[in-house]
Amino acid sequence: MKQITIAIDGYSSCGKSTLAKALAAKLGYKYVDTGAMYRCITLYLMRCGIVKHHETIDHQKLIEELEHINVTFKFNPALGFSEAYLNDENVEKEIRLMPVSENVSKVSTFKEVRQKMVALQKQMGKSKGVVMEGRDIGTAVFPNAELKLFMTADIEVRVQRRFDELHSKGIMISEEDVKKNLSERDLEDTTRNENPLVKAHDAIDLDNSDLNPQQQLDFVLKLIADMLLIPAE
Ligand code: DC
């Protein structure tokens, strides 16, 4: 069957990863979480003291360190998805914690960071058969993707989802702090100069405020079936 590229963009905590993972599993495609890649870079820069919360980042030092950063994914069969590795260290859990979430959008504004990541992402998806999610996939990474989705959801719904996710992992944080982090990241991600989060002109809107994961998956499978004329189940 013809393999396609599926690009999913959208705001923070819109359920992009959940949908992308389900789609990749259903279609036998590769799944790439590009947010994890920016989170790995942020973690590295935090560890070497170049990124500190609320402090200006030394641009020159950031550029110098970039060449020492290697981001990869390795499939974990027990979990059923790929985990992020920073210079061969599994950092899947650490990159999801608040300190990284608080700094990642700032790090993602740098042109050199984006150039490095976009080049890697293009490479990862060059054989098609990929579901890639992030903020600039349909606009900068794969502007010719066969299917582009732009995901949105009400801020209160997103806050609740993120809050539940963090609490299920034992990370106790207030709803207020979750909301602050999501709002700050949305603002930074949509207003930066380099590849800001914008809807590609040919992307299909998916507001999932009132849709459960199965309904979202069915919606997209139907779109693919209509596009490729393959039978939807
Ligand atoms: O998807 P996520 O919430 O894990 O992404 C974390 C941050 O990474 C997000 O706030 C902005 C940045 N990011 C980006 O700039 N471009 C992407 N393609 C993916 C993520």
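This is a predicted model, so every value here is computed, not measured. Atoms within each ligand, like the ligands themselves, are counted from 1 in listed order.
Neither the backbone nor the side chain of M117 comes within 4.0 Å of ligand 1, counting heavy atoms alone. Residue-level proximity to ligand 1 for R162 is absent, since no heavy atom of it falls below 4.0 angstrom.
Polar contact with ligand 1: present for R135 (N/O pair, distance under 3.5 Å). Checked against a 3.5 angstrom limit, the closest N/O atoms of R114 and ligand 1 fall inside it. Any N or O atom pair closer than 3.5 Å counts here, and R96 shares no such pair with ligand 1. Polar contact with ligand 1: absent for Y38 (N/O pair, distance under 3.5 Å). Residue R39 has at least one N or O atom closer than 3.5 Å to an N or O atom of ligand 1.
For ligand 1, the atoms sitting less than 4.0 Å from at least one non-hydrogen atom of V104 are 6 (C), 7 (C), 8 (O), numbered in the order shown with element in parentheses.
Summary of contacts: the protein heavy atom closest to atom 19 (C) of ligand 1 is T34 OG1, 3.3 Å. Nearest protein heavy-atom contact of atom 3 (O) of ligand 1 is R185 NH1, 2.8 Å. Closest to atom 12 (C) of ligand 1 among all protein heavy atoms lies S108 OG, 3.3 Å. The shortest contact between atom 10 (O) of ligand 1 and any protein heavy atom is with D189 OD2, 2.8 Å. The protein atom (non-hydrogen) at minimum distance from atom 18 (N) of ligand 1 is D136 OD1, 2.9 Å.
Contact check on D226 versus K222 returns a salt bridge, with a Lys/Arg side-chain nitrogen under 4.0 Å from an Asp/Glu carboxylate oxygen.
In terms of hydrophobic clustering, with Ile, Leu, Val, Met, Phe, Trp and Tyr side chains grouped at heavy-atom distances under 4.5 Å, L197 and V141 are assigned to different clusters. Hydrophobic clustering, with ILVMFWY side chains joined whenever heavy atoms are under 4.5 angstrom apart, keeps V130 apart from L27. In this structure, L211 is a member of the same hydrophobic cluster as I224, with clusters built from ILVMFWY side-chain heavy atoms closer than 4.5 Å.
Across K16, Q216, Q215, a single residue satisfies side chain to side chain contact (heavy atoms under 4.5 Å, CB included) together with N208, and that is Q216.
For the atom pair CZ of R96 and CD of E165, the computed distance is 8.0 Å after rounding to the nearest 0.5 Å.
Taking every heavy atom of both residues into account, R135 and S12 meet most closely at NH2-OG, 2.9 Å.
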